[in-house]
Amino acid sequence: MNQKERYEDAKKMYAALGVDTDAVIEALKKVPVALHCWQGDDVTGFDHDGPLTGGIQTTGDYPGKAKTPQELMLDMDKALSLMPGTKKLNLHASYAIFEEGEFADRDKLEPKHFAKWVEFAKERNMGIDFNPTFFSHDKVKDGLTLSSPDEETRKFWIEHGKACVRISQYFANETGIPCVMNIWTGDGYKDIPADRMGPRLRYKDSIEQILSEPYDRKMVKPCVESKVFGIGVESYTVGSAEFTLSYAATHEGCLPLMDNGHYHPTEVVSDKIPALLCFYPEIALHITRPVRWDSDHVVLFDDETKEMAKEIVRNDALGRVFMALDYFDASINRVSAWVVGFRSWQKALLNAMCMPYGTMKQLQDENRMTELMVMQEEIKTYPFGDVWNEYCERCGVLADGKWFEEIVKYEQDVLLKR
């Protein structure tokens, strides 16, 4: 039996549940997911030569790391060619591209320093999301940026944030696609602080100053992202979950962003998604895979990834949730890491969209929990893989079992020659 015949059989099985897999495939093809540039070079960026600081760390020394904008774009192109669906580009401010002999510090960044990225995105019909970079810089004083008690330090980072608002507006204007601008800092303390409120009040004021910069709220979507702890700030993080959720709730137009690696191991973002959707018109996600802590492992088609996608789909929120990948692994082929993570999230979305939620909700509301359990378990063995392969074919990318050959060839021809 060939792939088309397998798909037709799978299509009939799902149709018996009331699921139109053809419609599902066409719908998923239009759902944008942002691909993070920093997987390709271990979060190094192009505006500094020093190590990563600010609670971020990459491990591994797999050969072939991108060291220039040209190499990074080349690698990203290879990855994009193996990913189905609609892609966006997700940049950090540290990936500014300067002309020879030119440099602008982060508080002086301008749209022109990202013109090559705009050209890259427009040629590929991609939107661009953006992140101010509040780490790996000598103006991070005593581990603090926007919450620093040193006003000169805080002012520098506020100006950086304002510059990023202007750049985000530029991205939106040029691509015609809304730009999600995410504010995250690693500000905090290694040991128990004497003052927990003061840094948060300064952080609140700093974000308010940043977002006083004019922007089109329909086209620029500012977010605030929380974190439990980071390396060197284990005891106290200024931007806690309570802080960021409260800030977004009380500042119109600002979205909460949840990174599913930024919570206690017993918490799951899949449960938080429907809770936030009760109150926020839009939310944002950074999708990663934590292993015991916020270790940013490559996203897999695992249980929590599936559950996150289910909550987005079953709550009819594909148009309300801005989705972006966020992980970095230097121990394996970096291009393959991009592809595995992106395809895993696409699988999770497709799997979620192939479920008969209307029927399942009715069973729950009627307290027919035995039948609901049976349906939830039986659908796990439905021929989802045949629907996935059909989706890949309709998107013009290689199916599972075939695409990795391209990675092996690219590594031999390009990566190992660097």
Exercise for the section: Indicate whether any N or O donor in one side chain lies under 3.5 Å from an N or O acceptor in the other, for Thr44 and Lys65. Expected result: yes
Handout entry: Verdict with reasoning, His36 to Tyr95, per ring pair (Phe, Tyr, Trp, His ring centres under 6.0 Å)
Key = CA-CA 11 Å; His36 56 312; Tyr95 288 81; over 10 Å; no
Handout entry: Presence of salt bridge, Lys409 and Glu406, under 4.0 angstrom
Key = no
Problem - Phe98 ring center near Phe46 ring center (under 6.0 Å) - result: no
Exercise for the section: Give me the ring orientation class for Trp157 and Phe134: parallel if the planes are under 30° apart, tilted from 30 to 60°, perpendicular past 60°. Expected result: tilted
Handout entry: Test item: Arg289 side-chain N/O and Tyr327 main-chain N/O as donor-acceptor pair under 3.5 Å
Key = no
Problem - Pair Asp22 + Arg394: basic N to acidic O under 4.0 Å - result: yes
Exercise for the section: With the side chain counted from C-beta on, respond yes when Asn90 and Asn182 share a heavy-atom pair under 4.5 Å apart, and no when they do not. Expected result: no
Problem - Salt-bridge contact Lys139-Asp107 (side-chain N to carboxylate O under 4.0 Å) - result: no
Exercise for the section: Considering only NZ, NE, NH1 and NH2 on the basic side and carboxylate oxygens on the acidic side, decide whether Glu8 and Lys12 come within less than 4.0 Å. Expected result: no
Exercise for the section: May I ask you to say whether Glu102 pairs ionically with Lys112, meaning some side-chain N is under 4.0 Å from a carboxylate O? Expected result: yes
Problem - Flag, side chain of Gln169 to backbone of Asp216, donor-acceptor distance under 3.5 Å - result: yes
Problem - Side chain to side chain, Leu211 and His251, heavy atoms closer than 4.5 Å - result: no
Handout entry: Polar contact flag, side-chain donor to acceptor under 3.5 angstrom, Thr288-Asp296
Key = yes
Problem - 4.5 Å side-chain heavy-atom contact, Lys108 and His113 - result: no
Exercise for the section: For the pair Trp184 and His262, name the ring-plane relationship: parallel under 30°, tilted 30 to 60°, perpendicular over 60°. Expected result: tilted
Problem - Over 12 foreign heavy atoms within 6.0 Å of NZ, Lys402 - result: no
Exercise for the section: Ignoring hydrogens and angles, tell me if any N or O in the side chain of Asp41 forms a donor-acceptor pair with the backbone of Gly45 under 3.5 Å. Expected result: yes
Problem - Any Ser336 side-chain heavy atom under 4.5 Å of Trp403 side chain - result: yes
Handout entry: N/O donor-acceptor pair under 3.5 Å between Arg106 side chain and Phe156 backbone
Key = no
Practice task
With rounding to the nearest 0.5 Å, note down the distance linking NZ in Lys88 to CD1 in Ile177.
Solution key: 7.0 Å
Handout entry: Heavy-atom check, side chain of Asp47 versus side chain of Thr133, under 4.5 Å
Key = no
Handout entry: Residue pair Glu393 / Asn389, side-chain donor-acceptor N/O under 3.5 Å
Key = no
Handout entry: Side-chain (Thr244) to main-chain (Ala241) donor-acceptor, under 3.5 angstrom
Key = yes
Problem - Side-chain (Asp129) to main-chain (Val180) donor-acceptor, under 3.5 angstrom - result: yes
Problem - Salt-bridge present (Asp187, Arg202; N to O < 4.0 Å) - result: no
Handout entry: Side-chain touch His137/Ser94, heavy atoms, less than 4.5 angstrom
Key = no
Problem - Salt bridge present between Lys155 and Glu159 (N-O < 4.0 angstrom) - result: yes
Exercise for the section: Measure the shortest side-chain to side-chain distance between Leu245 and Ser226 over non-hydrogen atoms and say whether it is less than 4.5 angstrom. Expected result: no
Exercise for the section: Could you tell me how the ring of Phe114 sits relative to the ring of Phe171: parallel (under 30°), tilted (30 to 60°) or perpendicular (over 60°)? Expected result: perpendicular
Handout entry: Nearest heavy atoms of Gly261 and Asp294, plus distance in Å
Key = O-CB, 3.2 Å
Handout entry: Lys227 bridged to Asp259 by N-O distance under 4.0 Å
Key = no
Problem - Verdict with supporting geometry, Tyr247 and Tyr203, ring pair (Phe, Tyr, Trp, His ring centres under 6.0 Å) - result: CA-CA 10 Å; Tyr247 186 94; Tyr203 190 26; 7.9 Å; no
Exercise for the section: Flag yes if more than 12 heavy atoms outside Arg6 fall under 6.0 Å of its CZ atom; otherwise flag no. Expected result: no
Fill in the blank from the handout: Taking every heavy atom of Ile332 against every heavy atom of Ala337, the minimum-distance pair comes out as CD1-CB, 4.0 Å
Practice task
Identify whether NZ of Lys or CZ of Arg in Arg166 sits under 6.0 Å from the centre of the six-membered ring of Tyr170 and within 45° of that ring's axis.
Solution key: no
Problem - Other residues, nucleotides, ligands: >12 heavy atoms within 6.0 Å of Leu416 CG - result: yes
Exercise for the section: Before accepting this row, confirm whether a basic side-chain N of the pair Glu119/Lys116 lies closer than 4.0 Å to the acidic partner's carboxylate O. Expected result: no
Practice task
For the residue pair Leu325 and Ile287, establish whether any side-chain heavy-atom pair is separated by less than 4.5 Å.
Solution key: yes
Problem - Side-chain donor or acceptor of Gln39 paired with backbone N/O of Asp329 under 3.5 Å - result: yes
Exercise for the section: For the pair Thr237 (side chain) and Val228 (backbone), establish whether a donor and an acceptor sit closer than 3.5 Å, ignoring hydrogens and angles. Expected result: yes
Practice task
Taking His92 for its side chain and Asn131 for its backbone only, find out whether a donor-acceptor pair lies under 3.5 Å.
Solution key: yes
Practice task
Return yes if a side-chain donor-acceptor contact under 3.5 Å exists between Asp326 and Trp38, otherwise no.
Solution key: yes
Handout entry: Under 3.5 Å donor-acceptor, Tyr7 side chain and Tyr391 backbone
Key = no
Exercise for the section: Flag yes if more than 12 heavy atoms outside Glu151 fall under 6.0 Å of its CD atom; otherwise flag no. Expected result: yes
Practice task
Inspect the contact between Asp413 and Lys78 and indicate whether a charged nitrogen and a carboxylate oxygen are less than 4.0 angstrom apart.
Solution key: no
